[in-house]
Amino acid sequence: MPELPEVETIANGVDRRIRGDRIVSAWFSKHKEPFKTAASALAAALPGNRVRAVHRVGKHIVVDLESAGDQNRKARSEARPRDAKSLALESPRREARTPGRLVPEPSQLIVHLGMTGRLLVTAPDVPQAPHTHAVLHLASGRELRFVDPRRFGRLALNTAEAFAGPGHEPLTISPPDFARLFRGRKLAIKAALLNQKLLHGVGNIYADESLFRAGIRPTRPAGRLTRARLDRLLKSLRAVLRAAIRAGGSSVSDYVDADGEAGFFQIQHRVYGREGQPCRVCGNQIRRIVLAGRSTHFCPRCQT
DNA sequence: AGAAGGACCTGCACGC
DNA sequence: TGCGTGCAGGTCCTTC
């Protein structure tokens with residue numbers, strides 16, 4: 001289940017492997033349309049683009065693209081004295097000029113892994129995994145593959161300004177802004193943490209773990225928490241996410257190369273998945289309830 | 001508008 | 001062994 005740390009690790013791994021590469025062609029499975037942007041539009045728009053960088057925004061992997069037009073312009077502007085001929089060849093507009101084919105130039109490819117999505121960078125002769133929904137063929141000969149058994153993942157083109165995601169980044173939001181997110185809200189703090197429009201990147205596991213570390217009962221109404229407790233929650237959340245990113249970064253560096261999951265990082269869970277087991281702090285039994293439709297784990301003594 | 005709940009989707013663990 | 005059932009959860013959509 002990729003949450004922020006996993007997505008960050010994967011984005012970094014993909015970045016190292018395909019930055020600067022060029023998309024030659026794109027293939028999409030016909031097995032139902034699993035994408036936000038139509039597969040036909042993706043297939044038409046992606047080839048010819050160069051990968052400038054890959055990074056994370058919330059739980060999204062963002063592939064910054066440089067269109068063929070951009071690359072030509074760059075090359076021309078770098079070339080010294082321009083003669084009249086090269087100027088004459090210059091295209092006046094950014095968009096593709098092929099008549100009748102209006103393909104917008106994408107600036108970014110947005111990937112959401114959903115629950116089971118994987119991005120793999122492989123050699124072309126590596127057998128295709130089941131549930132492979134997209135393959136980008138790169139100029140280097142390698143392939144970027146999108147595999148997603150449960151098909152909760154999404155691909156989309158972003159042609160507008162830089163993708164910023166739906167909510168605030170938990171790693172950079174200021175404590176006052178963090179506190180403001182929950183003001184007046186009656187829903188449980190756990191449900192609020194999962195709401196990507198408020199804070200993006202936090203999923204079920206890290207919500208439970210950060211609430212435990214902050215000593216806050218997941219059912220507590222978000223708007224009723226004191227500023228001090230919210231400050232503590234933000235600190236716990238950041239500590240958990242940072243620790244996970246560090247561990248993920250070291251233990252899963254091959255993730256995108258290999259056949260996937262092997263050794264995916266797990267933080268030392270203190271409550272998640274530990275129903276009935278003793279709390280690592282006080283020894284009380286960890287309880288599991290369903291909150292916001294999600295299994296929720298907490299220590300009834302440590303979390304108030 | 002905010003909140004709650006179901007749908008989507010497949011693999012896996014479990015019980016009979 | 002094999003089948004049915006329930007569970008996992010990120011996000012979208014509908015309903016209240």
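In what follows, chains are A, B, ... by sequence order, proteins preceding strands, each numbered from 1.
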Original post:
Within the stacking criterion (centroid distance below 5.5 Å, interplanar angle below 30°), does Phe152(A) stack on dC8(B)?
Top reply: yes
Subject >> Distance in angstrom units between Glu3(A) CD and dG9(C) P, rounded >> reply: 9 Å
Subject >> Carboxylate-amine/guanidinium contact Lys235(A) Asp231(A), below 4.0 Å >> reply: no
**OP:** Identify, between Arg288(A) and Val202(A), the residue whose nearest nucleotide on DNA chain C lies closer to the 5' end.
**Re:** Arg288(A)
**OP:** Measure from CZ on Arg150(A) to C1' on dA7(B) and round the result to the nearest Å.
**Re:** 14 Å
Subject >> Within-4.5 Å side-chain heavy-atom neighbours: His200(A) and Val57(A) >> reply: yes
Original post:
Nearest nucleotide by nearest heavy atom, which residue falls closer to the 5' end of DNA chain B, Leu187(A) or His131(A)?
Top reply: Leu187(A)
Original post:
Hey, is CZ on Arg224(A) packed in by over 12 heavy atoms from elsewhere, all under 6.0 Å?
Top reply: no
**OP:** Salt-bridge test for Lys190(A) and Asp208(A): reply yes if a basic N is under 4.0 Å from a carboxylate O, no otherwise.
**Re:** yes
**OP:** Using atom CZ of Arg118(A) as one end and atom P of dG10(C) as the other, report the distance to the nearest whole Å.
**Re:** 18 Å
**OP:** Starting from P on dC16(C), measure out to NZ on Lys186(A) and report it in whole angstrom.
**Re:** 20 Å
Original post:
Would a line drawn from the ring center of His133(A) to the ring center of Phe28(A) be shorter than 6.0 Å?
Top reply: no
Original post:
Does anything in residues 291-298 of chain A reach DNA chain C, meaning a heavy atom under 4.0 Å, and if so which residues?
Top reply: Arg294(A), Ser295(A)
Subject >> Between dA7(B) (P) and Met115(A) (CE): distance, integer Å >> reply: 17 Å
**OP:** Could you check how far CG of Leu194(A) sits from P of dA8(C), rounded to whole Å?
**Re:** 14 Å
Original post:
Quick one: do Asp177(A) and Arg180(A) make a salt bridge, cutoff under 4.0 Å?
Top reply: yes
Original post:
Leu198(A) CG to dG2(B) P: how many Å, rounded?
Top reply: 10 Å
**OP:** For dT11(C), take OP1 and OP2 only and decide whether either is under 4.0 Å from a side-chain N or O of Lys59(A).
**Re:** yes
Original post:
Taking 4.0 angstrom as the limit, do Arg22(A) and Glu66(A) come out as a salt bridge?
Top reply: no
**OP:** For Ile205(A) and dG9(C), give me the distance from atom CD1 to atom C1', rounded to whole Å.
**Re:** 9 Å
